[in-house]
Amino acid sequence: PQPIPIEILVQGMDSAEYGTSLEEAGLFNERPVLPFNAYGTLALSHPFDDLNSNGGFFFVKTDPTETPAGLNLLDGNYSVVGYVI
């Protein structure tokens with residue numbers, strides 16, 4: 001399968017970051033447009049040492065009062081593609 005690069009857009013930017021985490025891009029304090037702050041977040045998975053997805057995905061079961069946006073380890077390290085209601 002064709003790898004899908006990680007894509008992260010932070011608030012206030014005109015274009016997304018591709019192929020790098022927010023930490024690697026020096027944007028670790030920025031808030032992503034689609035954060036991991038909702039129960040049922042859908043994101044693309046990737047191997048530990050490669051930020052490109054091989055087509056896998058995962059759901060996040062989280063409580064926004066326990067992991068608010070910008071204060072968890074998933075923000076900026078995976079591409080959020082949507083939320084399940």
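Below, all heavy atoms of this structure are taken into account, side chains as well, without hydrogens, waters or symmetry copies.
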Flag yes if more than 12 heavy atoms outside Glu23 fall under 6.0 Å of its CD atom; otherwise flag no.
->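 No - once you tally the heavy atoms of other residues, nucleotides and ligands closer than 6.0 Å, there are 12 at most.
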
Report yes if some heavy atom in the side chain of [X] is under 4.5 Å from a heavy atom in the side chain of [Y]; otherwise report no.
{"X": "Ser45", "Y": "Phe57", "answer": "no"}
{"X": "Leu44", "Y": "Val81", "answer": "yes"}
{"X": "Arg31", "Y": "Val10", "answer": "no"}

Glu7 CD to Thr20 OG1 distance, which is reported to the nearest 0.5 Å |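 So the CD of Glu7 and the OG1 of Thr20 are separated by 13.5 Å.
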
Ile8-Val33 co-clustered via ILVMFWY side chain contacts under 4.5 Å =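 Same hydrophobic cluster.
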
Might you point out which heavy atoms bring [X] and [Y] nearest each other, and give the distance in Å?
{"X": "Ala43", "Y": "Tyr78", "value": "CB-CB, 4.4 Å"}
{"X": "Leu22", "Y": "Glu30", "value": "CD1-O, 4.3 Å"}
{"X": "Tyr83", "Y": "Thr41", "value": "CE2-OG1, 3.3 Å"}

May I have the step-by-step check of side-chain contact (heavy atoms from CB on, under 4.5 Å) for Glu17 and Leu27, ending in yes or no?
-> CA-CA 10 Å; Glu17 289 286 327; Leu27 300 169; 4.0 Å; yes

